[in-house]
Amino acid sequence: MDILSIISFVGFTGLVAFIAWYATKGTDENSAKGYYLGGRSLGAITIAGSLLLTNLSAEQIVGLNGQSFTEGVLVMAWETLAAIAMIFTAIYLLPKYMRSGITTIPEFIQDRFDHQTKSILSILFLIAFGVVLLPTILYSGSVAFSTMFDLPTVLNISKSTVIWLCVWAIGIIGIIYAIFGGLKAVAISDLVNAIGLLIGGILIPVFGLLLIGNGDFFEGLDILWEKNPQKFNAIGEVDASIPFGTIFTGMMIAQMYYWGTNQSILQRVFGAKSLKEGQKGMILAGFVKFLIPVIVVLPGIIAWHIFNGNLENSDQAYPALVRKVLPGAYLGFFAAVLFGAVLSSFNSLLNSSATLFGFDLYKQYFNKNASEKDTVKAGKIFGLFLALLAMIISPFIANAPDGLFSYIQQALGSLSVPILAVVAIGIVTKHVPAKAAKLVLVGGVLMYLMSLLIFQPYFTKKALDHNEMKSSRFLKKLKGEKAIKYFKEINISEEDIPAYIKKVRIVEAKAYPHFLHIMGILFVLNILIMLFIGKLKPEKKVYIPKITEEIDITPWKHAKLVGVIITILVLSTYFIFK
């Protein structure tokens, strides 16, 4: 970076911090509502910005563009289909949640089932946050900064040292924002960063298309479309990361879990000043989510064209494109925006972790007579501990095997399937007992992990052995002379290597159902188990939802109409890109 880049980075980051501090001066951060829900004062635009940046971080910006570099536009499903889940949540789930005046999803589960079910759910959330999500966010953000701005060369230190420095820098600032500022500081800074991310994120593909078209944006778009038709097919084949059939099964399960039950997401909406504002904020975020592939998918395809598909690692696509096309004057600004995106996901999860521990565990098992101030304090201390643990774990993720990002998404399925099943049954039934929910929360996790770690490797290896093939992961690692020697031994000519690797991938894909299909199957199974138990031993005490008077629960009258329009737009993309 040059001096102008450094000044713009520090300046924009400082501006966001000042705005967040100024906006939270009047909020009582020692009360539960003030710290956890921003004093229930958040408007639609603030909620939308916070939702988008809570979701969008370095692992998505870099990871999805890396996937689109290799697979094309089909990976947009992770973004566009989220809009449908957000609309369903806003119209159907949000009124039920906010009518009860709940602070956390586990609190809703306690009202519907019992406190033990709530505790199990809270622990599952905290495990996901502390062991998987927080370290991954820190690590992926650090890798993005290190690669994009070549920090080892700039600072003249090793790559591993740069990762440690970045992890701790992001972590410490995240702690200050989330632990000492509460939700409102997080949400306000999210709004400012969301604006910057949208502006900066759009600049990357714009400059990329200008480069392709020799200064003509539309000429660049035409060239990209005509020269790379295979990258604009949204219908995934059987060996793709998202086979087309999975968008009707596990993909929607994953989306509904994330947007309909995930505490770090819904906490932003629970902080709304009214149901109407919460619905408007979530639907607005859903519309922008439909457009987000311009930032997280299109640049990867542009990078494929510019670099002729020749990058050592697909995850280098986005940072390499930034270095190639972004003028030096904008680098500092974009660094600050990306920093804000990483920081947002980190401190949002940290704030939610403090909320879960304070409300759902500390007050229940450690200090039943705790005041609001004591509960908030305990949550902050736990959040600090969780952040430090994540900062220690994070740099060691560098030693994990290839495909970590994809593996993490699969691992989180172990939580999303049973949690969504329990919340769904809790909403639509009144007689299913707590024992059914507890069985599914524990058993559902175990069933998924057995599928992922035992059955899938077994059946995949069996299919490969039957066809006398090595795994695609093994073939991917072959380089240079080793690759030439291996393919010569199995009588595969150089021109036939891509077709052979494709054949291996198809064998692997057909050996065992895709993990998203497994999620769909297990979701239905979990629902049937709970309904069966409810039929055999129904809860005698009928669940009656409570009604709160703390906020206005009048729904937004245009929610359904706008929701239908956005849904049609999302579905139309599959008719355009086929």
Side-chain angles (χ1 to χ4, degrees), residues 36 93 97 100 102-134 253-254 256-258 260-267 270 349 352-368 370 375 378-379 382-383 385-386 389 411-453 519 522-523 525-534 536-539 541 543:
Y36 295 130
L93 297 181
Y97 291 150
S100 301
I102 62 173
T103 305
T104 69
I105 292 299
E107 184 184 344
F108 165 75
I109 293 300
Q110 176 177 263
D111 291 343
R112 172 59 182 86
F113 296 107
D114 61 20
H115 71 86
Q116 291 179 336
T117 308
K118 179 196 75 168
S119 298
I120 294 172
L121 189 62
S122 296
I123 291 170
L124 289 178
F125 275 131
L126 290 174
I127 290 173
F129 292 169
V131 178
V132 181
L133 296 177
L134 283 171
I253 300 298
M256 282 308 306
Y257 159 75
Y258 188 85
T261 69
N262 189 333
Q263 177 63 26
S264 66
I265 289 295
L266 289 177
Q267 190 169 335
F270 292 161
L349 286 173
S352 296
S353 300
T355 307
L356 286 173
F357 180 80
F359 262 86
D360 300 337
L361 296 177
Y362 178 76
K363 203 165 185 178
Q364 183 67 44
Y365 297 102
F366 296 93
N367 187 355
K368 293 186 177 181
T375 302
F382 179 80
F385 164 77
L386 206 64
L389 178 64
L412 289 179
S414 64
L415 304 176
S416 61
V417 172
I419 289 174
L420 182 61
V422 168
V423 172
I425 287 294
I427 289 174
V428 303
T429 70
K430 296 182 179 180
H431 294 283
V432 173
K435 64 180 68 176
K438 294 171 192 173
L439 176 63
V440 163
L441 284 177
V442 177
V445 170
L446 294 177
M447 284 191 293
Y448 184 89
L449 289 178
M450 287 176 63
S451 172
L452 181 68
L453 302 177
M519 287 175 63
L522 290 181
F523 177 75
L525 181 60
N526 287 335
I527 292 288
L528 292 176
I529 289 171
M530 295 183 72
L531 291 176
F532 180 71
I533 295 174
L536 285 181
K537 295 184 178 181
E539 183 66 56
K541 185 179 178 182
Y543 168 66

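Positions are given from 1, in the same order as the sequence printed here. Basis for what follows: all heavy atoms, side chains included, without hydrogens, waters or symmetry-related copies.
Remark: K435 pairs with no residue by the salt bridge (charged side-chain N to carboxylate O under 4.0 Å, His left out) rule, at least two apart or across chains. Residues that satisfy the side-chain hydrogen bond (donor to acceptor under 3.5 Å, both in side chains) test with H115, not counting sequence neighbours, are Y365. L531 is linked by a side-chain contact (heavy atoms from CB on, under 4.5 Å) to I425, T429, V432, I527, counting only residues two or more places apart in sequence or in another chain. Partners of N262 according to the side-chain hydrogen bond (donor to acceptor under 3.5 Å, both in side chains) rule, which considers only residues two or more places apart in sequence or in another chain, are S264. Under the side-chain hydrogen bond (donor to acceptor under 3.5 Å, both in side chains) criterion, E539 pairs with no residue, sequence neighbours left out. Remark: F532 engages L536 in a side-chain contact (heavy atoms from CB on, under 4.5 Å) (not counting sequence neighbours). Legend: residues meeting ring pair (Phe, Tyr, Trp, His ring centres under 6.0 Å) with F385, ordered by chain and number and at least two apart, are absent. For F108, the ring pair (Phe, Tyr, Trp, His ring centres under 6.0 Å) partners two or more places apart in sequence, or in a different chain, are Y97.
When side chains are defined from C-beta on, Y257 does not count as touching I253, because their heavy atoms never get closer than 4.5 Å. In this structure the side chain of V423 never reaches within 4.5 angstrom of the side chain of L93, judged on heavy atoms.
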Quiz: residues 411-422 side-chain donor-acceptor pairs under 3.5 angstrom, not counting sequence neighbours:
from: S414; atom 1: OG; to: A411; atom 2: O; distance (Å): 2.6
from: S416; atom 1: OG; to: G413; atom 2: O; distance (Å): 3.4

List the atom pairs, donor and acceptor, that lie under 3.5 Å between side-chain atoms in residues 438-451 and the rest of the protein, sequence neighbours left out.
from: K438; atom 1: NZ; to: D114; atom 2: OD2; distance (Å): 3.0
from: K438; atom 1: NZ; to: Q116; atom 2: OE1; distance (Å): 2.8
from: Y448; atom 1: OH; to: Q410; atom 2: O; distance (Å): 2.7
from: S451; atom 1: OG; to: Y512; atom 2: OH; distance (Å): 2.8

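Atoms CD and CG, on Q110 and L121 in that order, are 11.5 Å from each other to the nearest 0.5 Å. Atom CZ of F382 sits about 7.5 Å away from atom CG of L361, to the nearest 0.5 Å. Within the model, atoms CD1 of I123 and CZ of F357 stand 10.5 Å from one another, a figure rounded to the nearest 0.5 Å.
Sequence neighbours left out, not one pair with a member in residues 411-430 passes salt bridge (Lys or Arg N to Asp or Glu O under 4.0 Å). Listed by first and then second residue, the side-chain hydrogen bond (donor to acceptor under 3.5 Å, both in side chains) pairs that reach into residues 122-132 are S122-D360, sequence neighbours excluded.
Of all heavy-atom pairs spanning G379 and A354, the tightest one is O-CB, 3.1 Å. Residues T375 and G358 share a closest heavy-atom pair of CG2-O, 3.1 Å. Contact record, L266 with G260: CD1-O, 3.2 Å, taken as the closest heavy-atom pair. Counting all heavy atoms, side chain and backbone alike, G534 lies closest to P433 at CA-CD, 3.7 Å.
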